[in-house]
Every structure is written in C-alpha cells, then in structure tokens.
Protein chains: 2
Amino acid sequence: MVAALVRSTFLVNAVYAESAREYGLTSQQGQLLCVLMAQSYGMGELGAVLGLAKSSLTGLVDRTERNGLVQRKPDPQDSRAVRIALTRKGSKVAEEFYVETCRRIENLTTGLSDADRETLAGLLGGVVEANKVPVVFLEPGGGAGLEHER
Amino acid sequence: MVAALVRSTFLVNAVYAESAREYGLTSQQGQLLCVLMAQSYGMGELGAVLGLAKSSLTGLVDRTERNGLVQRKPDPQDSRAVRIALTRKGSKVAEEFYVETCRRIENLTTGLSDADRETLAGLLGGVVEANKVPVVFLEPGGGAGLEHER
DNA sequence: GGCGGTAGTTCGTCTCGCGAATTGTAAGGC
DNA sequence: GCCTTACAATTCGCGAGACGAACTACCGCC
C-alpha cells in the first residue's frame with residue numbers, strides 16, 4: 001500500500017518533470033504556469049497556493065519572467081502589491097504543457113480498464129480530499145492546506 | 001483522474017519531505033538511506049536506481065557522508081569502484097525514518113475502508129508495474145527503469 | 001605492455017528553498 | 001494630520017540539488 005503510493009508518486013514526478021523539461025521548463029515553473037492558467041495572483045496568495053516562502057517565490061517568478069512567460073503587473077488597489085499573470089507566450093506554453101502532461105499522466109493508466117480507472121480516480125480523490133491538499137494543478141479557487149508546509 | 005494522481009503526488013511528496021525534515025534529512029537523503037537499507041550499492045548502480053547523473057550522486061553521497069549516515073567502502077573486486085553502505089548511525093536513522101514515513105503515508109488513507117485500501121493498493125500497484133518504476137522505496141533487487149530520465 | 005572502456009570525482013553553472021533584514025506603502029489610532 | 005503598526009514584496013547569504021564536460025585512475029584484453 002505505502003510502497004504503491006510512494007512509487008506511483010515517483011512515477012508521476014518523473015513524468016511531470018520530463019514533460020516540463022521538453023517545454024524548456026522546470027517542474028516548478030510548470031507548476032507556476034498551471035496555477036496561473038486559471039487566474040492571476042499576488043505574490044502572497046501564490047506562496048500559499050504553492051506552499052512556498054515568499055522569498056522563494058521571488059526567485060521563481062524572476063526566472064520565469066526572465067524567460068518571458070509571466071509578468072508582474074502593479075495592483076491597482078495596492079501599490080505595494082503586484083499581480084503575477086501569464087504573458088501571451090506564457091499562456092501558449094502553459095496550455096501546451098498542460099495538455100501534454102495530462103496526456104502523459106493519463107497514459108500511465110493505459111494498463112487499466114475504464115472501470116478500474118474510474119475506481120482509482122475515486123479512491124485517490126477521496127484521499128486527496130481527506131487531506132486537504134492545496135490546489136496546485138487544475139481547478140482555481142481553494143486554499144493553501146498542508147498546515148505544516150514550510 | 002489526472003488531477004487526482006497529480007494531487008496525491010503532491011500530498012505524498014509533502015509528507016515524505018516533512019518526515020525527512022524531522023529526522024534532519026532532505027528528501028533525497030531519505031531516499032538514499034531507504035535504498036541502502038536493503039543492500040550496499042556502487043555509485044553507478046545507485047545512479048541507475050535513483051535516476052541521477054553520477055555527478056549528482058557524488059554530491060549527495062558527500063553530504064550524507066558528512067552527516068555520518070553513509071560511508072564509502074573500497075570495492076574488493078575493483079579498486080576504481082566504491083560501495084556505498086549505511087553506517088550504524090545511518091541504519092538507525094534509516095530504520096526510524098522508514099517506519100515513521102510509512103506510518104504517515106498509511107495515515108493518509110485513514111478515510112478509506114480496508115477494502116478500499118486494498119483496491120487502491122492493487123490498482124496503483126498495477127500502474128507502477130506497467131510503467132517499470134525504479135525501486136526507490138522498499139524491496140531490494142529490481143532495476144533502473146524510466147529510460148527517459150535526465 | 002599498451003589501449004580502449006569504465007568508475008568516480010571535480011568543476012562551473014543553474015535552479016530551488018529558506019530565514020533574516022530591508023524598503024516602501026497601507027491603515028488605524030489618537 | 002501624523003505616527004505607529006502591519007503588510008507586500010525584494011534582497012542577501014546560505015546550502016542542497018542537478019547537470020554536463022573534463023579529468024583521473026584503474027580494469028581488461030588483445
């Protein structure tokens with residue numbers, strides 16, 4: 001049970017990283033793009049969603065911005081704050097990366113029947129729900145979760 | 001489906017990292033210790049098992065050795081080669097970390113019935129099998145897998 | 001006994017993640 | 001109105017992690 005979970009985790013990690021690499025992204029940058037597909041965020045919110053310290057985020061956004069994928073926009077309501085949004089190039093890359101990554105992950109389950117896939121999704125969904133995982137992929141809105149994250 | 005897999009992956013990652021942190025380890029060092037619990041390895045084999053370039057491994061082993069958890073032993077058959085093995089302290093830490101981490105991961109599934117847990121393990125096991133995931137946790141013997149790793 | 005392949009290390013470079021200190025701005029309190 | 005407190009984000013210094021390319025030392029083999 002534990003072994004299956006841990007090993008499937010490594011599998012998905014590897015697939016995700018591999019897919020990102022092919023789009024010239026790191027896993028973290030890929031994650032950032034996916035989160036931003038839904039909406040723009042301030043640095044603070046983004047830190048909560050991604051489970052990162054704000055100083056970590058500054059660097060990640062810097063590097064991703066340098067690659068022309070995201071941009072910092074001044075927040076009209078609060079001149080201290082900044083909104084991070086995808087650039088046009090970023091939207092394009094995010095979309096392609098997202099679709100391709102989904103395809104590959106879906107592909108991991110080709111050994112299963114449709115019914116099994118259904119069951120697996122349900123069970124995993126239950127585990128995820130029960131443990132308040134932060135929304136790092138798919139689905140906007142939702143919160144930080146993982147109270148013990150750095 | 002994809003979302004459930006990705007999110008459970010983040011969950012397990014977080015739990016693993018958190019557990020490692022409490023034992024003064026990084027995830028990678030934790031992984032290294034778990035792999036070495038079963039047997040000693042040469043650097044080359046270790047690279048294959050963990051999916052790392054050999055230059056990456058040198059650093060990981062260096063740091064872990066510095067912490068007194070593993071040691072490099074000369075290979076009696078081949079004086080170029082080196083066998084990486086746990087020290088006594090390393091064995092102790094590995095064992096405790098392993099048990100605790102299993103406990104926590106098991107804990108993630110407390111929302112499920114025994115039957116569901118059984119089903120989940122079976123399905124995930126199937127996915128893992130079908131995709132030749134390398135043995136990074138539990139179970140010795142077995143191979144490298146993930147041909148497309150960096 | 002010399003030569004090609006193999007095991008590991010070193011080096012330089014980059015990403016990532018953190019905490020502590022810092023800067024600039026928003027908001028309350030009085 | 002001004003001043004303090006609180007908050008948003010960045011900067012800095014550090015260490016881990018990952019890579020490829022170049023290098024060293026050694027095994028085997030012809």
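Letters go in sequence order (proteins before strands), and every chain restarts at 1. In this text the structure is predicted, and so the values were computed from the model without any measurement.
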From C-beta outward on A:A81, which listed nucleotide comes closest to its side chain: D:dG17, C:dT9, D:dA8?
D:dA8

State which of C:dG8, C:dG17, D:dA18 makes the closest approach to the side chain of B:S56.
D:dA18

Which sits closer to the 5' end of DNA chain C, A:L57 or A:K54, going by the nucleotide each is nearest to?
A:L57

Hey, which sits more toward the 5' end of DNA chain D by its nearest nucleotide, A:G59 or A:D78?
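This one resolves to A:D78.
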
Atom CG of B:L36 and atom CD of B:Q31: how far apart are they, to the nearest 0.5 Å?
11.0 Å

Under 4.0 Å from OP1 or OP2 of [N]: is there any side-chain N or O of [X] that close?
X	N	answer
B:R66	D:dA16	yes
A:S79	C:dA26	yes
A:Q77	C:dA26	no

Using only modelled atom types and a 3.5 angstrom limit, is any donor from either the side chain of A:R80 or the base of D:dC7 paired with an acceptor on the other?
yes

Kindly say whether, by distance alone, the side chain of B:T58 makes a donor-acceptor pair under 3.5 Å with the base of C:dG8?
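No, the side chain and the base share no sub-3.5 Å donor-acceptor pair.
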
Have a look at A:G44 and say if it touches a base, only the backbone sugar-phosphate, or nothing, with a 4.0 Å heavy-atom cut-off.
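Answer is sugar-phosphate: A:G44 comes under 4.0 Å of backbone atoms only.
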
Using a 4.0 Å heavy-atom cut-off, does A:R72 contact any base of the nucleic acid, only the sugar-phosphate backbone, or nothing at all?
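It contacts sugar-phosphate atoms only.
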
Symbol by symbol from the 5' end, with Watson-Crick or G-U pairs under 3.5 Å, [ ] crossing and | another strand, DNA chain C is ||||||||||||||||||||||||||||||

All N/O donor-acceptor pairs, side-chain side in residues 43-63 of chain A, below 3.5 Å, sequence neighbours left out:
unit_1 : atom_1 : unit_2 : atom_2 : d
A:E45  : OE1    : A:G42  : N      : 2.6
A:E45  : OE1    : A:R83  : NH1    : 3.4
A:E45  : OE1    : A:R83  : NH2    : 3.4
A:T58  : OG1    : A:K54  : O      : 3.2
A:D62  : OD1    : A:R72  : NH1    : 3.0
A:D62  : OD1    : A:R72  : NH2    : 3.0

